[in-house]
Amino acid sequence: MKRFGAFTAVAGIDVEVAPGEAFGFLGPNGAGKTSAMRMIGATSPISEGYLRVLGLDPEADGVELRARLGVVPQEDTLDQDLTVAENLYVFGRYFDLPRPVLRSRIDELLDFVQLSDRRNDKVDPLSGGMKRRLVIARSLINDPELVLLDEPTTGLDPQARHALWERLYQLKRRGVTLLLTTHYMDEAEQLCDRLVVMDQGHIVAQGSPRELIDRHVSREVLELRFIDGQQAPAIERLEQLDDDRRIDRLESLPDRLLVYTPDGDAAIDAVNELALDPLTLLTRRASLEDVFLRLTGRQLID
Amino acid sequence: MATPIALRVLEGHARTYRHTWRGTTVGALVRPALFLTAIGVGLGTLVDDGPATADALAAPTYLAWFAPGLLAASLMQAGSADGMFPVMAGMRWVGTYRSTINSPVRPRDLFLGNLLWSVIRIAVIGLAFVTIAAAFGAIPFGRGLLAVLPAAFNGVVTTAAMSAFVVTRDSPQVLAGMNRFLILPMFLFSGTFFPVEQLPDAIQPVVYVIPLWHGVELTRALALGGDPTLPWAWHLGVIAAVGVVGVVVGTRLFARMLRR
Ligand SMILES: Nc1ncnc2c1ncn2[C@@H]1O[C@H](COP(=O)(O)OP(=O)(O)OP(=O)(O)O)[C@@H](O)[C@H]1O
Ligand SMILES: [Mg+2]
């Protein structure tokens, strides 16, 4: 539970994460993901409730706990006066790492985030994605047992994202526990063993990506795009059709209409029968994104 | 043996200083040299030619009287600067404090580490000042080394108080305002350029609550080899009291602002 004055940012989340697990927090902007991560990271006291991280009480054993955590904050906050390598060096010294250890670890981490050739450059001229990679390297400087990643790959190009996922897999295989927030559903599906979807400080669903998809959305999705003004009448007619076998649920997005269905072909038939005449029509398997929309967006038919 | 956490913060400052020492140190040295030349020597010649100077100032020359005051005022200003822009940057503009506290470093370690760094920086500037002042013949070098102590103490106390205040502020205008309406008047009217007895009677009591005046009194007494206006312990006590309040309130406010 986390309150800021009278406002409750995290209203009560009940989760347990096992060692070596990759666990995700999903949720729309302002859901309380960062607030939750900061409490777990022992930089923000809990307002109420019970929290243990690596067996330690963040309130009483903050120093000891943070020594064993790696944190990728949502904002980069690198030291502009220092070079790339020095940012890692100074941060490593905060953990009291011996200088020789630190030197070899800096080489290794810069290599991993592919910034070795920029090691003596100041931070400011780096691109956004490079800064992000440096922050990720910084979070690993103390060889943490648990890494908290708040939107780790926001701003990374696809290659860099895949490279990071690969590194996170490696960490996981070595037994490191990962806790991450993300707005990328593919990232959550790729990385997370289990995840929770948060909304307004509450958990609205939890489980493995597969479980969530099976539980909350039907198997297939029809994506329909219409010319301006045609979407609303199409929704009306699909609602009137009220055909549960073919149409499970509708989700209206600003740019398209999603038709959830157990059977994509049957749903296409329905669309054709009604002569809706969409601009484009595409069938795909339901994904985590659909779960997210379902749980945190508004719904038309249930 | 684990390094005390505040010392790790200090080490970080030392690293950063490798890149920034030119700008900050040169500025802190050139200004006193200019003031000593323009006011101490230039204006001083006029003052010394005037009536009854040595008696009014209890000093051989205006330059000898002015230099210790300038020393205390310069170190106060250096301390104030240490509590302003670095704190604003760490807290808001760049946000480095917010990532630093993800390590074992606590907000209070940040506050204390910053303060330790300020001790070093102010000591260096103070020693350089004394060297320059000795070259001007304004303060004998040996006495100058003693006189640096209260001046530096008051400077570090200023850092503590200023950073405690600045950590709670979010707009840079506040810094400009502080410089204009607090630091500059203190710099000018704490018995630095002229004795406070010259101030209107109504204003004189105000001076007693300004730490810099006490710092100037102590610094000048040590530099000239006399006694300050009030007993030594009183002067020292006022500065120390501000320091204690600054440290206690500062550590708390750093924690309150960073651990939300
Ligand atoms: N220091 C603070 N003081 C007051 N309110 C805060 C503070 N930090 C966060 N909040 C509020 O708490 C709520 C949750 O914020 P939080 O940053 O945890 O969301 P989030 O899920 O991380 O969102 P995003 O996806 O945009 O990063 C928001 O309404 C936010 O305004
Ligand atoms: Mg967030």
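Sequence lines set the chain letters: A, B, ... in the order given, protein chains first and strands last, and positions in each chain run from 1.
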Which atoms of B:Ile5 approach chain A - backbone, side chain, both or neither, heavy atom under 4.5 Å: side chain
From CG (A:Asp79) to OG1 (B:Thr100), nearest 0.5 Å: 8.0 Å
Residue part contacting chain B, namely of A:Glu64, when any heavy atom lies under 4.5 Å: neither
Pick from A:Glu75, A:Arg68, A:Gln80 with the largest number of heavy-atom pairs that fall under 4.5 Å of chain B: A:Glu75
Flag if over 12 foreign heavy atoms under 6.0 Å of CD, A:Glu166: yes
Among A:Met39, A:Arg66, A:Glu86, residue most engaged with chain B (heavy-atom pairs, under 4.5 Å): A:Arg66
Contact origin within A:Val90 toward chain B - heavy atom pairs under 4.5 Å: side chain
Heavy-atom neighbours of A:Gln200 CD exceed 12 at 6.0 Å: no
Region of A:Pro45 that comes under 4.5 Å of a non-hydrogen atom in chain B: both
A:Asp96-B:Thr3 side chain donor-acceptor pair, cut-off 3.5 Å: yes
Contact summary for B:His19 and A:Thr83, nearest pair of heavy atoms: CE1-CG2, 4.0 Å
Main-chain N/O of B:Arg260 paired with A:Arg38 side-chain donor or acceptor, under 3.5 Å: yes
Side chain / backbone / both / neither for B:Leu258 at chain A, heavy atoms under 4.5 Å: backbone
Matching residue for B:Ser99 among A:Leu78, A:Thr77, A:Val71, A:Asn87 - test: side chain to side chain contact (heavy atoms under 4.5 Å, CB included): A:Thr77
Flag if over 12 foreign heavy atoms under 6.0 Å of CZ, A:Arg52: yes
Any donor-acceptor N/O pair, A:Thr43 side chain to B:Asn102 backbone, under 3.5 Å: no
Residues in salt bridge (Lys or Arg N to Asp or Glu O under 4.0 Å) contact with A:Glu108, at least two apart in sequence or another chain: none
Side-chain donor or acceptor of B:Arg259 paired with backbone N/O of A:Ser44 under 3.5 Å: no
Residue A:Arg138 versus chain B: region with a heavy atom under 4.5 Å: side chain
Whether over 12 other heavy atoms sit under 6.0 Å from A:Asp14 CG: no
Nearest-0.5 Å distance that lies between atom CZ in A:Phe91 and atom CZ in B:Arg8: 12.0 Å
Per-residue contacts, residues 67-84 of chain B versus chain A, heavy atoms under 4.5 Å: none
Polar side-chain atom of B:Arg15 near backbone of A:Leu82 as donor-acceptor pair, under 3.5 Å: no
Which portion of B:Arg106 sits near chain A, non-hydrogen atoms under 4.5 angstrom: both
